[in-house]
Structure formats: C-alpha cells, structure tokens
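The next block holds one structure in the form of structure tokens; read it before the comments.
These numbers were taken from a predicted model, which means no experiment stands behind them. Naming convention: chains lettered A, B, ... in sequence-line order (proteins, then strands); numbering from 1 in each chain.
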2 protein chains.
Amino acid sequence: MRCRGHHHHKPRPLSELAARLRGDAKKFTGPRKAVLEVLAAHPHPMTIKDVHTEARNECNLVTVYRALHLLEEMNLVKRFDFGDGVARFELLAEGDDGHHHHLICTECANVIQIEECFTEALEKGIALRSGFKAVTHKLEFFGICPDCQKR
Amino acid sequence: MRCRGHHHHKPRPLSELAARLRGDAKKFTGPRKAVLEVLAAHPHPMTIKDVHTEARNECNLVTVYRALHLLEEMNLVKRFDFGDGVARFELLAEGDDGHHHHLICTECANVIQIEECFTEALEKGIALRSGFKAVTHKLEFFGICPDCQKR
DNA sequence: CAGCAGTTGCAAATCACTTGCATCACATTG
DNA sequence: CAATGTGATGCAAGTGATTTGCAACTGCTG
C-alpha cells in the first residue's frame with residue numbers, strides 16, 4: 001500500500017505527544033510510545049493490525065486498541081472508515097483536524113490522499129435546510145488504480 | 001426513526017419483484033416475500049435486525065442476511081454504510097440506482113434522505129488526476145437533529 | 001523510593017456476519 | 001395434481017474485528 005499526497009502541517013514531536021499524554025492524569029507508557037512511533041513512521045491510514053505488526057514486541061493487540069481509542073479521544077489521531085469493516089487511523093499533525101478524504105483502489109487497497117474538500121459549503125446548506133446542527137460528513141472515493149487496470 | 005425526503009421513482013410492484021426473482025433459476029419463497037414486504041413498507045435504510053424484527057415469524061435471521069445479499073446482487077436493494085459497523089438496506093424503486101446520501105442524527109439515529117448529489121463531477125476530476133478508473137464514492141452527513149438540540 | 005491510580009496482558013465475551021449441513025419447499029414436469 | 005430435483009431454509013458452529021473482566025504491573029507524584 002502506497003500513499004501519495006502532501007501534508008501541510010508540521011508533524012508533532014514525540015516529546016509534545018508525551019506531554020499531552022501525561023496531562024489528564026494519563027501515563028506516557030512504553031506501549032503508547034510504540035504506537036505513536038509506528039503511526040509517525042507511516043503517514044497512511046493504518047489498521048490496528050498494521051500497527052500491532054510493527055510494534056509486536058512492545059505492545060499487545062488489545063493495548064493497541066486501547067491506545068488508539070485514547071489517542072482518538074485526545075484528538076491526536078483520526079479514525080477513517082473505508083467501509084470494509086476495519087478501522088484505520090492516522091496520526092494528526094499539529095493544527096490539522098484531519099479532515100481530508102481518500103481514493104482507495106478496490107483491487108489492491110492502494111490509498112491516495114485527496115486534498116480537496118468540497119463539501120464544506122454544502123454542510124452549511126444542509127444544516128440550514130434540515131435544521132440540523134454540527135453537521136459533518138464522511139466521504140471516501142473508490143476506484144481501480146492504474147496498476148490494477150493493467151492486470 | 002423518521003425519514004423525510006422524496007422518492008422520484010415509482011415503487012416496483014411485488015409481482016414484478018417476484019418475477020425478477022423467479023428468473024435466474026431463483027425461487028420466490030415465503031421468507032424472501034416477507035423481506036421484500038418489510039422493505040417496501042419502510043422507505044428507510046433498514047438494518048438486518050430491523051428487517052428480522054418485522055418479519056420474525058416468517059424468516060430466520062440468517063435467511064434475512066442471505067435474502068438481502070441476493071437482492072443486493074440483483075440490484076433490487078442498495079446497501080448503505082453509516083459507519084457504525086451495521087449494514088443498512090433500502091429497496092430500490094424502478095429506474096432508481098439508489099445513488100443518494102443521508103443526514104443522520106448522531107444522537108437519535110433519525111435519518112433524512114438528501115437528494116442532491118454534488119460529487120459526480122468531482123469523481124471525473126479525481127479520476128483524471130489520479131489515473132483511477134470506475135471512480136465512485138461513499139458520502140454520508142452527520143449532525144444533531146432539531147429534536148435532539150432541545151434535549 | 002513508596003504507594004496508588006492508571007495500564008497492561010491474557011482469556012473470555014460480544015457483535016455483525018458467514019458457512020456447513022441436513023431438511024424442506026418452490027416450480028416444473030408427467 | 002402428485003412426483004422430483006434443485007435451490008432455499010434453519011440450526012449450530014465458525015469468523016474476524018473489537019471490547020471487557022480481572023489480576024498483575026508500572027509510570028508518576030509526594
């Protein structure tokens with residue numbers, strides 16, 4: 001799985017992440033450090049299993065679940081749903097709310113990050129017409145990548 | 001769970017659905033009839049459990065899974081993914097490809113159908129720039145409905 | 001460096017969904 | 001209108017992702 005696309009925000013140093021974790025009466029433990037390092041090393045949406053495979057010696061599978069759950073609550077990682085029943089996570093850079101979308105190859109799971117977000121204005125229109133508040137959206141694109149077209 | 005929104009296509013009569021089922025060496029059985037009737041009676045995205053609850057006496061849970069799977073393959077129902085790990089299905093009207101989106105209340109699961117689809121042109125742009133083919137998308141909106149704002 | 005609150009790992013549970021298999025019931029044919 | 005063969009159904013058991021109970025453990029603070 002490759003990933004193109006650019007990151008416009010500077011990555012958060014591990015020390016800052018450690019500090020954020022130590023706040024809230026939380027602990028910056030070995031397993032959590034391992035999970036953060038794995039995510040930092042892969043600017044992809046990673047599954048729990050992906051993370052666990054990379055950190056197998058430092059962290060139990062269940063702990064990866066718990067760590068990512070915590071990091072999500074702290075807005076340090078963002079969860080993505082590609083509709084295949086497996087959650088994926090990306091580490092958020094400083095000042096990044098993680099709002100972007102992906103283009104996923106349905107054949108090989110190759111993932112490309114899409115920079116544009118078109119639907120922001122639409123959210124407002126939808127909120128107005130429906131009376132809903134705090135309107136957000138989930139959007140992912142699917143297709144067949146150039147490599148798979150050749151096969 | 002209520003549902004607003006309009007349906008621009010005429011619903012398919014049960015007899016036509018039966019005929020479509022009988023083709024392909026398939027059978028129009030009691031359980032399948034029950035599932036279709038439940039779907040026809042609820043122009044909502046329904047979960048498997050929802051359908052099973054309504055048809056409990058006529059159809060086993062596993063059979064609901066299999067019936068909806070079949071109906072999906074035959075393009076008689078469309079599957080939606082609201083990102084909560086549970087598939088939802090809508091019966092397709094004649095000539096309807098089911099391409100629309102929803103606005104889902106994150107508090108009470110109230111669902112509103114959204115008529116506009118904005119991203120069709122964008123799919124083409126994305127396909128061009130990425131080299132992907134057969135680009136499709138999944139898009140759902142989330143927010144807090146008027147009722148839940150009062151609570 | 002003692003002590004406790006928060007963490008971890010293991011096993012087992014849950015949840016949505018799928019599959020194996022023996023039995024059953026449409027739809028066709030005589 | 002009953003025989004018949006194939007596809008359908010129900011039950012039990014299996015998957016795969018994710019969660020939880022619980023006892024042992026460990027950062028962190030005093």
Next on the checklist: According to salt bridge (Lys or Arg N to Asp or Glu O under 4.0 Å), who are the partners of K33(A), at least two apart in sequence or on a separate chain?
Outcome noted: E37(A)
Item to check | Nearest non-hydrogen partners of P45(A) and R88(A), listed with the distance | outcome: CB-CB, 3.7 Å
Next on the checklist: Can you pull out every ring-ring contact (aromatic ring centres under 6.0 Å, His included) where at least one residue sits in residues 65-89 of chain A? Sequence neighbours excluded, please.
Outcome noted: F80(A)-H100(A), F80(A)-H102(A), F82(A)-H102(A)
Next on the checklist: I'd like to know if the side chain of D81(B) reaches the main chain of G83(B), judged simply by a donor and an acceptor atom lying under 3.5 Å from each other, with no hydrogens or angles considered.
Outcome noted: yes
Checklist entry - Are T53(B) and D50(B) close enough that a side-chain donor and a side-chain acceptor fall under 3.5 Å? => result no
Checklist entry - For DNA chain C, which nucleotides open and close the run of contacts to chain B, 5' to 3', at under 4.0 angstrom from a non-hydrogen atom? => result dA16(C) to dA27(C)
Checklist entry - Could you state the CG-P distance from L68(B) to dT9(D), rounded to the nearest angstrom? => result 11 Å
Checklist entry - Roughly how many Å is it from OH in Y65(B) to C1' in dA8(D), rounded to a whole number? => result 18 Å
Next on the checklist: Taking any heavy-atom pair under 4.0 Å as a contact, classify A67(B): base, sugar-phosphate, or nothing.
Outcome noted: nothing
Checklist entry - Would a distance-only check, ignoring hydrogens and angles, find a side-chain to backbone donor-acceptor pair under 3.5 Å from E107(A) to Q149(A)? => result no
Checklist entry - If you group Ile, Leu, Val, Met, Phe, Trp and Tyr whenever their side-chain heavy atoms sit less than 4.5 Å apart, what else falls in with I144(A)? => result none
Checklist outcome for this item: Scanning both residues in full, the closest heavy-atom pair of P31(B) with C59(B) reads CB-SG, 3.6 Å
Next on the checklist: Once you measure the plane-to-plane angle for H99(B) and H101(B), does it fall in the parallel (<30°), tilted (30-60°) or perpendicular (>60°) bin?
Outcome noted: perpendicular
Checklist outcome for this item: From CZ of R79(A) across to P of dT18(D) the rounded distance in Å is 7 Å
Checklist outcome for this item: Here the distance between atom C1' of dG16(D) and atom CD1 of I48(A), to the nearest Å, is 13 Å
Checklist entry - Do any N or O atoms from the side chain of R20(A) and from the backbone of M74(A) form a donor-acceptor pair under 3.5 angstrom? => result yes
Item to check | Strand contacts (DNA chain C) in residues 20-33 of chain B, 4.0 angstrom heavy-atom criterion | outcome: R22(B), K27(B), F28(B)
Next on the checklist: Taking A87(A)'s backbone N and O only, do any of them form a donor-acceptor pair with R79(A)'s side chain (distance below 3.5 Å, no angle check)?
Outcome noted: no
Item to check | Length of the CZ-P vector between R66(A) and dC22(D), whole Å | outcome: 13 Å
Next on the checklist: If you take any heavy atom closer than 4.0 Å to DNA chain C, which residues from residues 52-63 of chain B end up in contact?
Outcome noted: V62(B)
